[in-house]
Amino acid sequence: MIDRRDFLKGCVACSVTAASISVAGKNAFAAGSFEGYPDAMGVLVDLTRCVGCRSCEAACNNEQKLPEPDLPFDDQSVFMEQRRTTPKAYTVVNKYEVADKNTLFRKMQCNHCNEPACLTSCFVNAYTKTKEGAVIYNSKVCVGCRNCMIACPFNIPAYSYSSPTNPLVKKCIFCYDTRLKNGRPPACVEICPQQVMTFGHRSDLIEMGHERIKSNPAKYVNKLYGEKEVGGTSWMYLSSVDFDKIGLDNHMQNEPIISNVKDFLGMVPMVLSIWPALFTGIHLLATKNKGEHGDHDHKEGDQQ
Amino acid sequence: MKQYMKRNSNTQIVNSLRTDNDRGRKWTFMEKLLIGLTPQQYIAQAVSNPFNWFLALVFAVGFPVIIGRFIFGLEWATGGPQSNAWGLFLGFGLFGMVPLSSSGFQMGSAVEVFGRHDMEPLERLGILNGILGYFFAVVFLLVDLGQPWRLPYPMVVSWGPASVLFLVAWHVATYLSVQAAETSTSFFEWMGWPAGRTVIKKMALGLAVAGIILSTLHQGALGALSSYAPGKIHPLWYSSSFQWLYFFVSSLPGGLCMVIVVSTIVIKTMAWRCDDNFKLNLDKLHISLAKGASMGLITYLTIRMIGVAHDNKWAYLSTGWGAWWMFEIGFGVILSLILLTAGVRKNNVTLIRLGAWTTILGVILNRLNVYLITFNWKHGEIEIPPLREFMITITIYCVYIATYRAILYRWPILYRWKTKYSEYAVLEPTPATIIAVVAEPEACPSGK
């Protein structure tokens, strides 16, 4: 038989562990369903206007002081393949061949989600969603686990693997430090010669997007991409073709990514609270009436 | 060492007090390190073992590559994948090794919580298998992290408590300490510090229960991590409701089968180190473990099927990915289940040991499928990790094997540490008998 002292010790040990770790579970609930800051800014991207001049890429490169690209920004040969964001390019424009020999260009960069997966998956809290709407990154605490890259539904964060001593996540930060903080639109928006992008309060942009669709239903598909996707994003898109055809997942969930793990995180404090009593109870039942023979400690003790 | 013991059958190996003409003197630390051999003898046996030459070759090639990874950066070693951010180091080293290390909490709780004292001969092996698996998963993590020197950050510098990885970090750290405490009993015996052992023994139940809690959560959490990537992992391997259960439930047979596999390797290659208690009970214990593992496997099979039915994913089965999924389930789960249950029914340990192999391969294949092979399946191509990534992975795994073997050679994991001559009288009447047993590894019940 286990003596009572051992039983109590077991319980104490477990509850200490429980108490110290249940913090994790509790704070997870605080992440609740967050629909974005009321005054958050955003950008409405009307893909029907984009001509693929890549001046936004150049502006971004200049504003963020990124290294020189392999090919100059007026080189159209980059459209031969589908590119993605890299540590050297926070935004890229891709060309898509859509129905009846039409082409459509799509600019991609961080969409600045209302409830970002990168932020909620980060175990050192390196990301912040600012009240202006930007998702920014603190390179001082990043450990380099790259969970954000796994979690981002748009495959945006890139990692500067080539640096042996200070590799970091590289992604668009909405020009937060240099522009957004002071109420100015990001560099790519400002430079666009086609007025593809409109900078404004996210709530206004949603209205504007729907109005454009309503006033010209033949031109646009009836969807404002980013209004609801993964809990809503600050950057939203209008398109003349189905979003699936231009590399955006049309079946993306409307709940933020964190909601996929909420059930699991909610269970954590329960396991921590219930398991100690449950298994100590099972122990008492399993070893009942086994007497001296069943008790490990006594048997081992005798041999010393 | 096995060959050496065969040739020099009257060598006295360290397992408690000396029994030769120095009778009564305790082993010195140096003697313990060399398992009772002289330095010349030790080197002779090491050189005569072909497996050591294999290890030497792997290390000679692999260590420079590991050093290169830290000098030239991750891109040099892994190619710097932007879309499949996690490669072999985590896919195999972390996600593959951790479920196979669930043996620590299962053997600990079988003995301490459920009172299955007949499992004792394998308890320490199970726990050692646990701690080494976790420890080397952390080693793999350190190689993979961009800035490994910041590993303590989630503990002390900056908390991201809403993250599943935060939970994994804390639980693995806590559980490593729990397992270190559990394993330390053998270490204390070996060092001759009985006081330390007594303290740990008193906490045994608490540690075992803490092991169950932490394991339930972080084994599950490794699955929950993949819930962050709903559109990227192929639907057949993804279920936002059940993902953590898949990982937790499959880790149970995975861990038990790992104990079967390791103890089979041990009895074949280092029977000289095992005491009678271990050797005579092994077949019986393998059958018991196989029973547990088959229950785990049938449960796992059921919930994987429920997962497909729940989200109505049957249509995917007719695709190429579906065939691959059926192979994973067919080989890793159904075949294993057949081998294990047939082995249990027919009392055939060979079948059980085969089934244990297919089970652990199945678990590893599942983890690779989730995090590597089907990851970004919509992109249409499977990213094959570059050569250096394989070399580093193999090298670290060989360090794991070498460490594992070094500990098994020395600490009282496979044998009982005796501190009184009277114990020899009870178990093995004379030193001559010990030598006789050691000299004839065929006498042990291996794989009949």
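All chains are named by letter (A, B, ...) in the order of the sequence lines, taking the proteins before the strands, and each is independently numbered beginning at 1.
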ring-ring contact (aromatic ring centres under 6.0 Å, His included) partners of B:H310, counting only residues at least two apart: B:F242
Gap separating the OH atom of A:Y159 from the CG atom of B:L74, nearest 0.5 angstrom: 7.0 Å
Interchain contact, A:Q82 with chain B, by part (heavy-atom threshold 4.5 Å): neither
Beyond-backbone contact of B:E112 with A:H283, side-chain heavy atoms, under 4.5 angstrom: no
Members of residues 138-146 of chain A whose heavy atoms come closer than 4.5 Å to chain B: A:S139, A:K140, A:V141, A:C142, A:V143, A:G144, A:C145, A:R146
Atom pair CD1 (A:I258) and OG (B:S163), whose distance is rounded to the nearest 0.5 Å: 8.0 Å
4.5 Å side-chain heavy-atom contact, B:P81 and A:Y161: yes
Heavy-atom check, side chain of B:L205 versus side chain of A:F279, under 4.5 Å: no
Working for side-chain contact (heavy atoms from CB on, under 4.5 Å), residues A:F264 and B:L167: CA-CA 11 Å; A:F264 174 75; B:L167 179 142; 4.3 Å; yes
Reported OG-to-CE distance for the pair B:S83 and A:M149, which is rounded to 0.5 angstrom: 7.5 Å
Residues which pass ring-ring contact (aromatic ring centres under 6.0 Å, His included) with A:Y237, listed by chain and number, not counting sequence neighbours: none
Interface residue of largest heavy-atom contact number with chain B, from A:A117, A:C152, A:P157, under 4.5 Å: A:C152
Inter-residue atom distance A:I150.CD1 - B:L225.CG, 0.5 Å rounding: 9.0 Å
Student check: side-chain heavy atoms of A:N125 and B:W159 closer than 4.5 Å: no
Any side-chain heavy-atom pair of B:K232 and A:N155 under 4.5 Å: yes
Residues which pass ring-ring contact (aromatic ring centres under 6.0 Å, His included) with B:Y246, listed by chain and number, not counting sequence neighbours: none
Portion of A:D263 that has a non-hydrogen atom of chain B nearer than 4.5 angstrom: neither
Side-chain heavy-atom pair B:P230, A:N260 within 4.5 angstrom cut-off: yes
Interchain contact, B:W86 with chain A, by part (heavy-atom threshold 4.5 Å): both
Flag side-chain contact, heavy atom, 4.5 Å: B:Y228 against A:V261: yes
